[in-house]
Amino acid sequence: MAEITQKDGRWSFDGTAVRIVPGHGRGVHGVRTRLGELVVPLAAIAGVSHEAGRKRGRLRLRLRAGADPFTQATSGQLPDRADPYSLEVEAERAALAEYLVDDVRNALLLDEVPVDTPTDRYLMPGPAVPLVLNGYDGKIHFDGEQLRIEWGWGAEETKKTAGTRTIPLSDIERVEWCRPNFEDGGLRLVPKGSHVPVKPSHDPFCVVTWGLREGRETAELSMMAAAITARLPHPRAAAPPVEQHPSLTKGEAGGERREQPAGEPADQDALLRRLRELGELRQAGVLTEEEFTRAKQALLDRF
């Protein structure tokens, strides 16, 4: 078994999976400690490399696109010291790092893992729930089925006016996050249907973080984003088959657009909820009358 231990953690490979155990101590980033031990199956790996350096190098594990909800949610936003799939390696341990790299690469070849092919399902689990994200202006609670946003004293009046929100996961299209940064960092829930994006500090679907405690905030943001992502439909999952309505003609069954049959109700609850949210944004001054009218018409056209 190939194994290497460094300050940020320990990596080992037994031929079937790479096991990543985070290090301990104040120098280890909060993302690593919050994620805990990771077991990455060989089928989820796209590649591994060791970037040698004069004093220290870096091991990098690259996962197949779509294999890991954490990578899906955080790709491109984590610094090396927070990336659980990156390990700083002292120069004197370079030989061990190279040995692990060769071991993983050989296993990928022997098992004929399609490293360049995206997966259509997650091969790794997302963070466990329930989770809480503590922002500057509010909190997001997630239990795996719904999200609750509670506003704090730092929230703008537009958010306080909207009040506490409880949003079923089924109403969420995706989640976006930005590393902690004054007024611009935070996590945004993107609802299905028409949604007019506004400044994070005024968006009732967004909790703001200010980077006062970067390590903790980045850990909470990335964990929450990954937990939600893991429980949403996979971006490459095959679409469910469409049931053919008895009145469809042969041409319509082939995919041509048809009118909604009489007696087939639209999702009235979702429509009314979206209209109410738009009205709240207009009343709070977030949307102008023109923006409200345009968003309302787009919503009605969709339904």
Side-chain angles (χ1 to χ4, degrees), residues 1-111 113-118 123-124 127 177-181 185 211 213-223 225-226:
M1 181 174 71
E3 182 175 311
I4 183 170
T5 301
Q6 293 289 268
K7 180 189 70 174
D8 283 343
R10 182 178 77 252
W11 287 23
S12 59
F13 179 61
D14 63 2
T16 62
V18 173
R19 185 177 299 272
I20 299 174
V21 180
H24 301 283
R26 295 183 61 183
V28 179
H29 198 281
V31 171
R32 297 179 187 270
T33 55
R34 284 290 299 273
L35 269 178
E37 183 175 325
L38 299 173
V39 178
V40 187
L42 190 64
I45 299 174
V48 61
S49 63
H50 173 235
E51 303 165 0
R54 185 174 179 180
K55 291 186 177 181
R56 56 186 60 86
R58 187 165 293 278
L59 266 174
R60 294 189 188 276
L61 192 66
R62 184 168 57 88
L63 304 189
R64 292 172 61 192
D68 176 33
F70 185 82
T71 302
Q72 184 81 22
T74 63
S75 181
Q77 294 215 55
L78 292 178
D80 282 339
R81 64 193 186 90
D83 185 356
Y85 303 115
S86 170
L87 181 70
E88 189 175 77
V89 177
E90 298 295 333
E92 59 267 23
R93 298 296 183 92
L96 286 174
E98 293 290 352
Y99 178 72
L100 186 144
V101 166
D102 290 342
D103 221 17
V104 174
R105 287 177 176 173
N106 289 336
L108 290 172
L109 290 173
L110 289 173
D111 280 34
V113 176
V115 297
D116 295 322
T117 303
L123 303 181
M124 296 184 64
W177 75 286
C178 182
R179 287 174 59 187
N181 184 25
R213 298 182 63 182
E214 186 275 334
R216 189 200 73 184
E217 291 179 356
T218 299
E220 289 191 3
L221 282 167
S222 59
M223 292 285 287

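For the atom pair L123 CG and D68 CG, the distance stands at 9.0 Å (nearest 0.5 Å). A distance of 10.5 Å separates CG in L87 from NZ in K7, rounded to the nearest 0.5 Å. Atom-to-atom distance recorded for Y85:OH and L38:CG is 5.0 Å, nearest 0.5 angstrom. One finds the CZ atom of F70 at 4.0 Å from the OG atom of S222 (value rounded to the nearest 0.5 Å). Between the CG atom in L63 and the OG1 atom in T71 there is a gap of 4.5 Å [rounded to 0.5 Å]. Note that the CE atom of M1 and the CG atom of D103 stand 10.5 Å from one another [nearest 0.5 Å].
Across all non-hydrogen atoms, the minimal contact from P180 to T218 is CD-OG1, 3.3 Å. The two atoms that bring E90 and Q6 nearest to each other are N-OE1, 2.5 Å, heavy atoms only. Residues M124 and P69 come closest through the heavy atom pair O-CD, 3.3 Å. Shown here for H50 and A94, the closest heavy-atom pair between the two residues is CE1-CB, 3.7 Å. Looking at every heavy atom in both residues, E217 comes nearest to G211 through OE1-N, 2.7 Å.
Counting heavy atoms from C-beta on, the side chains of V31 and H29 come closer than 4.5 Å. At a threshold of 4.5 Å between non-hydrogen side-chain atoms, the residues L100 and E3 do not count as touching. Side chains of R64 and P114 form a contact here, defined as non-hydrogen atoms less than 4.5 Å apart. Two residues are said to be in side-chain contact when any heavy atoms from C-beta on lie closer than 4.5 Å; V115 and I45 fail this criterion. Two residues are said to be in side-chain contact when any heavy atoms from C-beta on lie closer than 4.5 Å; E37 and P84 fail this criterion. Looking at heavy atoms from C-beta onward, L42 lies out of side-chain contact with T16 at the 4.5 angstrom threshold.
Each of L96, L61, V21 was evaluated against W11; a single residue qualifies, L61, per the side chain to side chain contact (heavy atoms under 4.5 Å, CB included) test.
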Go through the steps for R179 and L221 under the test side-chain contact (heavy atoms from CB on, under 4.5 Å), then give the verdict. CA-CA 8 Å; R179 287 174 59 187; L221 282 167; 6.0 Å; no
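Under 4.0 Å is where a charged nitrogen must lie from a carboxylate oxygen, and between E88 and R32 no such pair does.
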